[in-house]
Amino acid sequence: MNRILKYEDVTQFDQETDVVVAGYGGAGGCAALEARRAGSDVLLLERASGGGGSTMMSACEMYLGGSGGTRLQRDLGFADSTGNFRNYLEACFAPNVDAERMRLFTEGAAAHFDWVEALGVKYKRGCFEGRDVVALTGDSLQYTGNERAWPFTDVATPVPRGHLPADAGHEGGVRFFTALKARVEEAGVRVQCDSRVTRLIQDRSGRVCGVVARSAGQDRKVRARQGVILCCGGFIMNEAMTRRHIPELDAIATRHGNPGDMGDGILMGVAAGGQAINMGEAFVGIAHYPPPQLTFGIFVNQQAQRFVNEDVYLARLGHYAAQQPGDRICMFIDNRHFDRPAYLKVDMVAVDDSVAVLEREAGYPPGALQQTVDFYNRHAARGEDPLFHKARAWLCPLDTPPYALVSYRLSEIRPPVFTLGGLDVLPTGEVVDPERQPIPGLYAAGRTVAGIPRNSKGYASGMSVADVTFFGRLAGIQAARQPRC
Ligand SMILES: Cc1cc2nc3c(=O)[nH]c(=O)nc-3n(C[C@H](O)[C@H](O)[C@H](O)COP(=O)(O)OP(=O)(O)OC[C@H]3O[C@@H](n4cnc5c(N)ncnc54)[C@H](O)[C@@H]3O)c2cc1C
């Protein structure tokens with residue numbers, strides 16, 4: 001598909017505005033609102049029949065901190081310095097860290113929380129200190145996964161940073177988007193749904209000065225005097241792209257997103273001269289908890305070897321599980337700690353009073369599982385995990401028979417996957433070419449770009465929505481600063 005229409009070939013525009021935003025999800029809604037508040041006339045085009053995107057489907061957990069603590073963290077007695085926040089995030093994504101983006105985010109995240117709260121999103125002054133993917137207690141603050149796990153504990157003091165709308169559980173996205181939508185409407189942003197942006201209009205100098213949007217079978221040409229902001233989400237629903245960029249995950253994934261995650265923004269941005277980076281990285285999650293006591297178990301690969309500390313967030317487990325040989329990892333656990341995972345359907349490989357019998361039934365090399373379990377138990381009894389440094393709180397010898405070996409076969413679990421690659425942009429949202437020169441008039445944010453979260457290994461709940469809303473705002477502000485032409 002030709003994703004560029006030459007400006008010189010346009011005889012007449014159907015509509016005109018200052019800023020066009022393509023995609024009305026978290027990034028697009030925030031970009032449009034900030035551009036409008038800065039005085040621009042804004043047209044928001046959304047391909048679905050209503051806004052929301054994956055942001056509305058999400059729990060809308062936002063990973064925020066720094067500046068001494070967000071208002072919520074401080075109200076609950078948690079201090080969080082910008083340096084501590086930054087050390088943690090850099091450890092998550094090193095070496096793939098955009099230093100300026102990281103600086104802006106870690107310095108601005110606490111104020112971003114105030115902005116979100118001022119939209120009208122309610123946050124309850126309660127902290128859930130247990131271990132769950134999303135707190136179901138109604139509390140608005142929680143640890144989201146890796147802060148209390150090695151190696152992150154070596155570089156940063158653990159602080160809870162997951163910010164959840166009050167009493168919303170997994171429905172936080174609806175609360176957030178309802179508030180955002182009300183503010184977008186009040187501000188006077190024009191919203192047109194059932195309008196898929198299919199092409200960018202670009203002039204001879206390279207400036208992007210409008211879009212073509214397909215609506216009710218008609219192509220409409222829209223002129224954008226200040227700029228176009230691409231906020232079309234990621235590409236997890238585009239099978240040709242996932243086969244190409246994340247082939248191993250393509251084969252096992254449950255595609256985690258909305259039907260609009262077709263990579264339109266990335267493809268249009270590349271056609272205009274931008275470059276796509278980090279395209280081989282994606283979130284892949286294996287929800288091995290709740291219940292939390294499963295964290296006492298140990299995961300082994302096909303060679304009966306451990307490969308990760310089990311107290312990590314589900315995306316870190318997903319990352320390491322996907323790197324293991326074969327398709328199956330197993331949890332070894334004893335009767336004292338066994339329970340069924342809340343979010344996964346898993347099968348028993350074997351249950352027996354003898355580790356040797358489990359080992360045989362699973363087809364491991366003779367002695368391999370016994371050695372792994374003996375080594376683990378010996379050290380766990382002393383509160384140590386010399387191989388992977390699982391936190392003391394989760395260390396207990398697995399010595400109460402019967403024992404179970406539980407199969408986590410990736411092709412059966414089909415873990416949720418969404419993409420973390422996209423356009424290379426400056427932190428202000430300006431889309432850049434391979435020489436990192438901005439393409440005039442073109443901006444992008446959200447999962448259409450490579451943002452703060454850049455791999456599954458360091459990802460923890462809340463990092464995507466925090467990133468898309470924070471940098472969506474910056475893109476809107478930047479576009480609204482441009483002279484009208
Ligand atoms: C079930 C679920 C739970 C999640 N929970 C969390 C969580 O709690 N915390 C967290 O950080 N992350 C979470 N995520 C991930 C997170 O929700 C997304 O990564 C993030 O919301 C993406 O935001 P976005 O603005 O980039 O895209 P979206 O919010 O998906 O918005 C993109 C919009 O663009 C539209 N669009 C696409 N193409 C076009 C086009 N060509 N023209 C016009 N419109 C177009 C789409 O229809 C969509 O409305 C979750 C994801 C899912 C699926």
Side-chain angles (χ1 to χ4, degrees), residues 1 3 20-32 43-64 133-135 142 144-145 161-165 168-177 180 191-200 211-215 222 228-238 254-269 282-283 285 314-315 343 416-420 422-423 444-449 451-453 459-473 475:
M1 183 199 269
R3 296 184 187 269
V20 167
V21 179
Y24 190 9
C30 291
L43 179 64
L44 186 37
L45 299 171
E46 164 57 47
R47 65 171 273 173
S49 298
S54 301
T55 305
M56 193 159 91
M57 295 164 70
S58 80
C60 207
E61 182 150 22
M62 290 198 204
Y63 199 82
L64 301 169
V133 177
V134 168
Q142 73 168 128
T144 77
R161 300 197 182 96
H163 290 60
L164 283 162
H170 290 278
E171 305 295 314
V174 177
R175 305 283 172 85
F176 170 77
F177 194 75
L180 177 64
V191 178
Q192 279 174 22
C193 293
D194 297 308
S195 298
R196 181 177 185 177
V197 175
T198 54
R199 290 202 271 176
L200 296 174
V211 300
V212 178
R214 188 125 186 107
S215 185
V222 185
V228 172
I229 311 178
L230 300 170
C231 300
C232 303
F235 64 90
I236 193 60
M237 296 298 169
N238 184 325
T254 295
R255 296 171 194 274
H256 202 53
N258 74 90
D261 277 332
M262 292 296 289
D264 286 3
I266 299 170
L267 295 171
M268 285 188 280
F283 165 100
L314 57 92
Y343 294 119
V417 174
F418 66 85
T419 57
L420 298 173
L423 294 172
R447 291 285 63 81
T448 295
V449 313
I452 292 278
Y459 189 98
S461 233
M463 288 184 180
S464 187
V465 178
D467 172 80
V468 310
T469 53
F470 183 89
F471 289 101
R473 291 178 58 204

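Hydrogens, waters and symmetry mates are skipped; everything else that's a heavy atom, side chains included, is used. Numbering of ligands and ligand atoms starts at 1, following listing order.
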Report summary line: side-chain contact (heavy atoms from CB on, under 4.5 Å) with I229: of V20, T448, L44, V21, only one passes, and it is V21
Query - Nearest neighbour in protein (non-hydrogen) for atom 11 (O) of ligand 1 - result: V465 N, 2.7 Å
Report task. Would you confirm whether N238, through its side chain, and M262, through its main-chain N or O, come within 3.5 Å as a donor-acceptor pair? Result -> yes
Query raised in the report: Would you say ligand 1 has an N or O under 3.5 Å from any N or O of T448?
Result: no
Requested in this report: Decide whether an N or O pair under 3.5 Å exists between A48 and ligand 1.
Outcome: no
Query - Ionic contact status for R447 with D261, cut-off 4.0 Å - result: no
Report summary line: Any heavy atom of Y459 under 4.0 Å from ligand 1? The part involved is side chain
Report summary line: In short, E61 meets L164 closest at the heavy-atom pair CB-CD2, 3.7 Å
Query raised in the report: Among protein heavy atoms, which sits nearest to atom 29 (O) of ligand 1, and what does the distance come to when rounded to 0.1 Å?
Result: T55 OG1, 2.6 Å
Query raised in the report: So, the side chain of E46 versus the backbone of Y24: is there a donor-acceptor pair under 3.5 Å, distance only?
Result: yes
Query raised in the report: Is it the side chain (CB and beyond), the backbone, both or neither of Y63 that lies under 4.0 Å from ligand 1, heavy atoms counted?
Result: neither
Report task. Between S461 and ligand 1, find which residue part has any heavy-atom pair under 4.0 Å and reply side chain, backbone, both or neither. Result -> neither
Query - Distance-minimising heavy-atom pair for V197 and A22 - result: CG2-CB, 3.7 Å
Query raised in the report: Can you find an N/O atom of C60 closer than 3.5 Å to an N/O atom of ligand 1?
Result: yes
**Report entry** Residue-ligand contact G234/ligand 1, heavy atom below 4.0 Å
**Finding:** no
Query - Any N/O pair R196/ligand 1 closer than 3.5 Å - result: no
Query raised in the report: Can an N or O of H256 be found at a distance shorter than 3.5 Å from an N or O of ligand 1?
Result: no
Requested in this report: With rounding to the nearest 0.5 Å, note down the distance linking CE in M237 to CG in D264.
Outcome: 13.0 Å
Query raised in the report: Got a salt bridge between R47 and D194, using NZ or NE/NH1/NH2 to carboxylate O under 4.0 Å?
Result: no
Query raised in the report: Is the centre of the Y459 ring less than 6.0 Å from the centre of the F418 ring?
Result: yes
Report summary line: min-distance protein heavy atom vs atom 47 (O) of ligand 1 -> E46 OE2, 2.6 Å
Query raised in the report: Hey, is ligand 1 close enough to M57 that some N/O pair sits below 3.5 Å?
Result: no
Query raised in the report: Under a 4.0 Å heavy-atom limit, does L45 contact ligand 1 with its side chain, its backbone, both, or neither?
Result: backbone
**Report entry** Non-hydrogen atom of S195 closer than 4.0 Å to ligand 1
**Finding:** yes
**Report entry** Any donor-acceptor N/O pair, Q142 side chain to T144 backbone, under 3.5 Å
**Finding:** no
Query raised in the report: Looking at A59 and P165, what are the two nearest heavy atoms and their distance?
Result: O-CD, 3.8 Å
Query raised in the report: With under 30° as parallel and over 60° as perpendicular, where do the rings of F283 and H256 fit, or are they tilted in between?
Result: parallel
Requested in this report: Output yes when a side-chain donor or acceptor of D467 lies under 3.5 Å from a complementary backbone atom of G451, and no otherwise.
Outcome: no
Query - Top protein contact for atom 32 (C) of ligand 1, by heavy-atom distance - result: C231 O, 3.4 Å
Query raised in the report: Under 3.5 Å, side chain of R161 to main-chain N/O of Y63, donor-acceptor pair present?
Result: no
Report task. Could you list which atoms of ligand 1 come closer than 4.0 Å to a heavy atom of N258? Result -> 30 (O), 46 (C), 47 (O)
**Report entry** Atoms of ligand 1, numbered as shown, that sit under 4.0 Å from any heavy atom of G446
**Finding:** 26 (O)
Query raised in the report: How far apart are the closest heavy atoms of F235 and I266, and which atoms are they?
Result: CD2-CD1, 3.6 Å
**Report entry** Residue, atom name and distance, where the atom is the protein heavy atom closest to atom 31 (O) of ligand 1
**Finding:** G25 CA, 3.2 Å
**Report entry** ligand 1 atoms in contact with A59 (distance to a heavy atom under 4.0 Å)
**Finding:** 5 (N), 8 (O)
Query raised in the report: Can you tell me if G462 has a non-hydrogen atom under 4.0 Å from ligand 1?
Result: yes
Query raised in the report: Between H170 and ligand 1, which part of the residue brings a heavy atom under 4.0 Å of the ligand: side chain, backbone, both or neither?
Result: neither
Query raised in the report: Which bit of D264 is near ligand 1, meaning a heavy atom under 4.0 Å away: side chain, backbone, both or neither?
Result: side chain
Report summary line: heavy-atom search around atom 38 (N) of ligand 1 in the protein gives C232 CB, 3.4 Å
Report task. Write out the residue and atom name of the closest protein heavy atom to atom 19 (O) of ligand 1, then the distance separating them to 0.1 Å. Result -> S464 OG, 2.7 Å
Report summary line: Honestly, for A213 the part within reach of ligand 1 (heavy atoms, under 4.0 Å) is neither
Report summary line: When distances are taken from atom 13 (C) of ligand 1, the protein heavy atom at minimum range is S58 CB, 3.9 Å
Query raised in the report: Between the main-chain N or O of G257 and the side-chain N or O of S54, is there a donor-acceptor pair closer than 3.5 Å?
Result: no
Query raised in the report: Would you say ligand 1 has an N or O under 3.5 Å from any N or O of A466?
Result: no
Query raised in the report: With a cut-off of 4.0 Å, which atoms of ligand 1 are near a heavy atom of M463?
Result: 11 (O)
